[in-house]
Amino acid sequence: MFVLSQIEHNLPMPPHLLSRPLVDAIKAELERLFLDKVVANLGLCVSIYDIRSVEGGFIFPGEGCSTYKVSFRLLMFRPFVGEVLVGKISGYDEKGLHVSLDFFSDISIPGHLMQYGTARALDGRWMLKTEDGDELYLDLDDEGSIKGDGLGLLAWWAADEEEGEAEAEAEE
């Protein structure tokens, strides 16, 4: 789910940051550029993990800033294919659910991409109609899984496991 990615970047430093210690100024500029952004083929940048090396400080003709060659590592959020993520429902509307993973809360799940059988109830909440005709409601702060085939709320898993254990005990 989380990986360290090493990057080398030519970083132009704005003059107003050069009054700070160099490593602090570089880290602030790297955070401005990368933090909370998706980097192609790497994932979502969660943090600047460390700065490995800084070289240069060259001022190129026609530029008003010094440029440093910086090698650093980013902490990236990159779930692998098929990974099950657990999040909390932070809100819902007519379009779908809003989910928080604690460290990241801008996840929206449109209604048409939810598990088959999911629909809006008359009170505006989302619910899953089971084959048995039960209506399982998705409420705020419920923990659920996020996966391509929609595994649903963790409470539903626990209920299924309890039923399976009860059936197994009855068979014995």
Side-chain angles (χ1 to χ4, degrees), residues 1-116 118 126 128 138-158:
M1 180 183 305
F2 293 98
V3 295
L4 284 177
S5 297
Q6 185 158 337
I7 296 180
E8 200 169 90
H9 184 71
N10 289 325
L11 183 68
M13 286 297 295
H16 71 276
L17 289 178
L18 294 175
S19 62
R20 299 168 65 178
L22 184 60
V23 173
D24 292 344
I26 287 174
K27 185 170 184 178
E29 189 65 6
L30 290 173
E31 286 174 346
R32 185 186 70 77
L33 289 173
F34 292 100
L35 200 59
D36 294 332
K37 295 190 175 75
V38 175
V39 180
N41 300 320
L42 294 179
L44 172 71
C45 180
V46 177
S47 172
I48 308 297
Y49 187 75
D50 63 1
I51 297 173
R52 310 287 289 203
S53 68
V54 177
E55 298 174 10
F58 302 109
I59 300 175
F60 294 105
E63 293 186 13
C65 59
S66 55
T67 301
Y68 295 89
K69 184 176 184 178
V70 182
S71 177
F72 57 97
R73 292 188 295 177
L74 299 174
L75 180 62
M76 307 297 288
F77 171 68
R78 183 176 62 196
F80 56 84
V81 175
E83 182 172 5
V84 177
L85 303 176
V86 176
K88 283 189 178 180
I89 297 172
S90 57
Y92 52 82
D93 56 22
E94 66 280 349
K95 295 178 184 175
L97 295 175
H98 305 283
V99 178
S100 170
L101 297 178
D102 291 333
F103 66 92
F104 186 68
S105 60
D106 290 339
I107 298 172
S108 295
I109 303 173
H112 69 278
L113 294 178
M114 287 189 222
Q115 186 173 357
Y116 178 77
T118 305
W126 288 88
L128 176 67
L138 304 165
D139 291 316
L140 293 178
D141 293 326
D142 278 347
E143 285 190 337
S145 67
I146 303 168
K147 187 180 175 193
D149 58 0
L151 294 177
L153 298 181
L154 296 183
W156 301 348
W157 294 7

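Source: prediction; values computed, not measured.
In this structure, Leu44 and Asp36 approach most closely via the heavy-atom pair CD1-C, 3.8 Å. Here the shortest heavy-atom pairing between Phe2 and Val46 reads CE2-CG2, 4.1 Å. Considering all non-hydrogen atoms of both residues, Val54 and Tyr68 come closest at CG1-CD2, 3.7 Å. The two atoms that bring Leu42 and Met76 nearest to each other are CB-CE, 3.7 Å, heavy atoms only. Contact detail for Asn41 and Arg78: the closest heavy-atom pair is O-NH1, 3.5 Å. Between Ile109 and Met114, the shortest heavy-atom distance links the atoms O-CE, 3.7 Å.
The neighbour count for Phe77 CZ, taken as heavy atoms of other residues, nucleotides or ligands under 6.0 Å away, is above 12. For CG of Asp24, the number of neighbouring non-hydrogen atoms (other residues, nucleotides, ligands) closer than 6.0 Å is greater than 12.
Residues Cys65 and Pro15 are in side-chain contact: their nearest non-hydrogen atoms beyond the backbone lie under 4.5 Å apart. In this structure the side chain of Cys45 never reaches within 4.5 angstrom of the side chain of Lys37, judged on heavy atoms. Contact annotation: the side chain of Thr67 approaches that of Phe60 to within less than 4.5 Å [non-hydrogen atoms, C-beta and beyond]. Leu4 has its side chain out of reach of Leu74: every pair of non-hydrogen atoms, C-beta onward, lies at least 4.5 Å apart. The closest side-chain heavy-atom distance from Glu29 to Val70 is not below 4.5 Å.
Atom CG of Leu30 and atom CG of Leu35 lie 10.5 Å apart (nearest 0.5 Å). With rounding to the nearest 0.5 Å, the separation of CD in Gln115 from CG in Leu138 is 9.5 Å. Rounded to the nearest 0.5 Å, atoms CD1 (Ile48) and CD1 (Ile7) are 8.0 Å apart. Within the model, atoms CG of Leu140 and NE2 of His98 stand 10.0 Å from one another, a figure rounded to the nearest 0.5 Å.
Side chain of Ser100 to main chain of Lys88: no donor-acceptor pair is present (N/O by atom type, distance under 3.5 Å, no hydrogens or angles). Side chain of Trp126 to backbone of Asp93: a donor-acceptor contact under 3.5 angstrom is found.
A tilted orientation is assigned to the rings of Phe72 and Phe34, their planes being inclined by 30° to 60°.
Each of Glu55, Gln6, Arg52 was evaluated against Ser71; a single residue qualifies, Gln6, per the side-chain hydrogen bond (donor to acceptor under 3.5 Å, both in side chains) test.
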